[in-house]
Structures are given as C-alpha cells and as structure tokens.
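Numbered from 1 within each chain, the chains take letters A, B, ... in sequence-line order.
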There are 2 protein chains.
Amino acid sequence: MERLPKRQRHQQLSKLLDENPFLTDRELTRQLKVSIQTIRLDRLELAIPELRERLKLMAERSYDSVRSLPLHEVIGDILDLQLDKSGISLFEISDEHVFSRTGIARGHHVFAQANSLAVAVINDEIALTASADIRFIRPARLGEKCIAKAYVRASGEQKGKAKIEVFTYVGEEMVFQGNFIIYRSAGESKT
Amino acid sequence: MERLPKRQRHQQLSKLLDENPFLTDRELTRQLKVSIQTIRLDRLELAIPELRERLKLMAERSYDSVRSLPLHEVIGDILDLQLDKSGISLFEISDEHVFSRTGIARGHHVFAQANSLAVAVINDEIALTASADIRFIRPARLGEKCIAKAYVRASGEQKGKAKIEVFTYVGEEMVFQGNFIIYRSAGESKT
DNA sequence: ATAGCCTTTAATACCTGGTGCCAAAAAGTT
DNA sequence: AACTTTTTGGCACCAGGTATTAAAGGCTAT
C-alpha cells in the first residue's frame with residue numbers, strides 16, 4: 001500500500017463520475033479494479049450519492065430549469081441600493097454563463113448584470129433601457145465574482161431620461177464599463 | 001362499470017404524469033383510487049415507462065443538451081447564417097423575459113439575442129464582444145417574435161476586430177439596433 | 001514481534017420500485 | 001347462464017443500492 005492509492009482513486013472516481021454520471025458501482029469496479037465495497041466506501045467519503053439519486057437530481061434540475069432559464073429577472077444579487085444615486089450588485093460566473101471551451105463569460109450575461117442594476121437603481125414605476133454604450137474591457141471567467149457599481153449621473157426626474165454609469169470589477173480589475181440611458185415614467189412612485 | 005372509466009383513467013394518468021413525472025405507482029394509486037396492478041397495466045398500455053426509466057430519460061436529455069449545447073449558447077433560434085456575412089435569429093418574448101407588471105421585455109434579453117447572433121456570425125474559434133453601442137427603439141412585449149438581423153460590416157480577419165450591425169424587428173417595426181465590435185482570434189486557434 | 005491502526009474485501013439482511021406471470025374475482029355484455 | 005373485459009391479488013425475481021458486522025491485509029510505532 002503506497003499510502004496514496006486511496007486519494008488517487010478518489011480523484012479518479014470523481015473524474016469518472018464527472019465525465020459519466022450514469023455509471024453504476026459495478027461498472028466502476030471494472031475501471032478502478034477494486035471491490036464494490038470499496039467503491040461504496042469511497043462514494044460515502046466523497047458524499048457522492050448512488051446512481052439513482054444522481055439521476056433523480058439531474059432530472060429535477062432539468063425539470064425546473066425549464067422554467068428558470070439562464071436569463072431571469074434581476075441578474076446578480078443587489079448588495080446595496082441608494083435609489084436615484086447608486087447601487088452595487090454581485091454576480092458569480094458559473095458554468096451556464098460561459099463558453100464551455102474557453103471558460104469565458106458570454107457578454108450578454110455581464111451586460112445583463114449591469115443592465116439589471118441600472119434599471120433597479122431608478123426609483124420609478126417603469127424604467128426601461130433606452131440605449132447603452134458599453135465596453136468589455138477584459139473577459140470575465142468561470143468562477144469569478146463580478147461586482148457591478150452603478151452611479152446615477154443625471155436622474156432626469158423631469159425629462160424622463162436618466163443617465164447611469166456602470167462599472168463592473170473582478171477584484172481590482174475592471175471588466176466592463178457602460179453608459180446607460182434609462183427611460184423613466186417620471187411618476188416617481190416606487191414599487 | 002360504465003365502459004369509460006378505463007379511458008378516462010388513462011387520460012388522467014397521462015395528465016398526472018405529465019404534470020409531475022416523479023410520481024411512483026404507489027402514489028398514483030392514491031390519486032386514482034385503483035390498485036397498483038391496474039396502474040401498472042395502464043402504464044403498460046400507454047407505454048409509459050417506470051419511474052426510474054423516466055428519471056433516467058430526463059437525466060439523459062438534460063445531460064446531452066448540456067454537452068451539445070449550441071442551443072444554450074445562443075439566445076434565440078438561428079434561422080439563417082452566412083459566416084462572416086450575415087445572420088438571422090428568432091426569439092420569442094415569453095413570461096420569463098418580461099417585467100410582470102408591464103409585459104415589457106427586459107432590455108438584456110433583447111440584447112442577448114443580438115449579442116449571441118453577432119458572436120455566432122463570426123467564423124472563428126474564439127469570438128468575444130469587445131464593445132457595443134445599442135439603442136432600444138421601442139419596447140418588445142410579451143408574445144412578440146423578435147427577428148434579429150446581423151450584418152458584418154468589417155470582418156477584420158487581419159486586425160482581429162470585426163464590426164457587426166444588428167437590427168431587431170417585431171414585424172415591420174424596429175425595436176432594437178446595435179453596433180458591435182467583436183474580438184476574433186484571427187487564425188490562431190487557441191488563447 | 002506484537003499491538004494498534006487504516007484500508008480493503010466479504011457476507012448478510014434489508015430497501016425501493018419496479019417486471020413478469022398466473023389466477024381469481026368483479027363487472028359488463030350478449 | 002355463458003362469455004368477455006377489467007380489476008385485483010399473490011408470488012418470484014431483479015437492479016442497485018444501504019447498513020452493519022466481521023475478517024483479512026498492510027503499515028507503523030514501541
């Protein structure tokens with residue numbers, strides 16, 4: 001026993017099931033050359049559920065992800081909001097948001113976070129994006145936490161058009177910058 | 001027996017499983033007030049597989065749709081694509097895309113369609129949005145079918161930057177217009 | 001070496017959610 | 001009454017496990 005095989009096997013097992021979650025324990029024994037009990041102990045230690053549970057989880061995920069499409073309502077979690085002044089939101093880049101080959105976020109998700117925040121920060125019944133001028137400064141990657149900061153430059157309470165600037169950062173680095181013009185109903189009675 | 005109950009029950013059974021495919025036969029007996037054998041005969045006649053098979057099928061479906069996911073990568077259905085020239089996509093505004101109170105689409109969904117199309121039309125390993133200048137001309141509403149048309153104005157095969165113009169229409173009316181600058185890997189295949 | 005530990009394998013009982021098959025009861029038809 | 005269809009019940013069996021107990025192999029420290 002080289003003191004390693006177990007951890008190595010755990011890694012291999014995770015990898016195998018990651019590649020093909022449809023494997024039974026018995027099929028795993030063939031690949032890993034250990035007894036079925038060992039496989040089961042390994043799954044136990046790694047907190048990997050049995051085949052049927054895995055299938056059920058996948059089925060459930062796909063079942064309710066039919067409704068919760070990638071782009072929902074507000075993209076990102078609002079961390080701070082000062083109506084008609086500024087706002088901050090957090091959005092973590094996960095698998096669904098990236099090009100699978102490169103792990104780089106598709107631009108519209110980063111845009112969606114900024115756009116959602118720009119709309120949210122406007123204190124009005126109805127707020128719609130009229131136009132925007134945006135720049136993707138560097139790609140956002142899988143796993144990165146994007147912090148978007150929105151500043152209202154002209155609230156346009158009379159004119160019906162607000163001007164908002166949004167900067168999105170990953171850590172210290174700016175990944176996105178946008179200038180939004182938002183239509184507002186000017187009735188100014190927040191939800 | 002009124003000669004009907006069987007067919008009625010079959011319909012009800014189909015409906016129940018359609019609404020919730022996670023029901024076991026035993027749970028179905030409670031809803032339909034017949035024995036478990038009857039449920040099983042019914043499933044047999046209707047060619048409805050057992051719970052575990054259903055879950056497996058759902059899991060498989062979601063699994064390959066994650067694997068071969070150009071459908072997920074692009075928002076909207078591509079109707080026509082001439083690489084490095086032009087492209088057309090269709091995106092129907094449904095519940096998930098609108099502000100519930102007004103039925104008006106959130107801007108980032110309309111943007112996502114245009115952005116996806118702009119990226120798709122570029123014939124390259126890697127294509128990333130660098131910047132965009134966009135205008136929402138009139139709101140898109142629940143149920144409307146948005147047709148986005150992208151035209152490559154400068155393919156930038158040497159310079160690494162392509163310029164693409166996208167117009168989105170609902171019927172005759174233009175709802176969105178955008179100018180995109182897309183980075184392309186230009187010959188080199190990997191980053 | 002002997003004890004103590006971890007790891008692996010084995011054996012057994014039990015579980016869920018079924019299938020397959022056969023038989024009998026109940027209901028509906030002629 | 002005789003017949004058909006529908007429903008129910010019972011039993012054996014299966015896959016793919018869990019849970020538990022036990023034993024064997026290997027490694028280390030004293």
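- Not counting sequence neighbours, B:Asp18 has no partner by the side chain to side chain contact (heavy atoms under 4.5 Å, CB included) test.
- For the contact set between residues 32-49 of chain A and DNA chain C, defined by any heavy atom under 4.0 Å, the members are A:Val34, A:Ser35, A:Gln37, A:Thr38, A:Leu41.
- Going from atom NZ of A:Lys56 over to atom P of D:dG16 covers 18 Å, rounded to whole Å.
- If you measure from atom CG of B:Leu28 to atom C1' of D:dT8, you get 17 Å, rounded to the nearest angstrom.
- Looking at residues two or more places apart in sequence or on another chain, you find a side chain to side chain contact (heavy atoms under 4.5 Å, CB included) between B:Glu45 and B:Lys6, B:His10, B:Asp42.
- Distance B:Asp25 CG to D:dT8 P: 14 Å, rounded to the nearest Å.
- Residue pairs meeting the side-chain hydrogen bond (donor to acceptor under 3.5 Å, both in side chains) criterion with at least one member in residues 171-183 of chain A, sequence neighbours excluded, are A:Arg138-A:Glu173.
- For A:Arg54, there are no salt bridge (charged side-chain N to carboxylate O under 4.0 Å, His left out) partners, not counting sequence neighbours.
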What N/O pairs connect the protein and nucleotides 13-16 of chain C at under 3.5 Å? Give each pair on its own line.
unit_1, atom_1, unit_2, atom_2, d
C:dT16, O2, B:Arg52, NH2, 2.4

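- Spacing between atom CZ of A:Arg26 and atom C1' of D:dG17 amounts to 10 Å, rounded to whole angstrom units.
- A straight line from CG of B:Leu51 to C1' of D:dA15 spans 14 Å, rounded to a whole angstrom.
- Residues meeting the side chain to side chain contact (heavy atoms under 4.5 Å, CB included) test with B:Lys85, sequence neighbours left out: B:Gln82.
- Side-chain contacts under 4.5 Å among hydrophobic residues (ILVMFWY), followed directly or transitively, place B:Leu41 with no other residue at all.
- In terms of the side chain to side chain contact (heavy atoms under 4.5 Å, CB included) criterion, residue partners of B:Ala118 (sequence neighbours excluded) are, by chain and number, B:Ile164, B:Val166, B:Phe180, B:Ile182.
- Following rounding to the nearest Å, B:Arg9 (CZ) and D:dT6 (P) show an atom-to-atom distance of 10 Å.
- Using a 4.5 Å heavy-atom threshold, the side chains of B:Leu90 and B:Cys146 count as separate.
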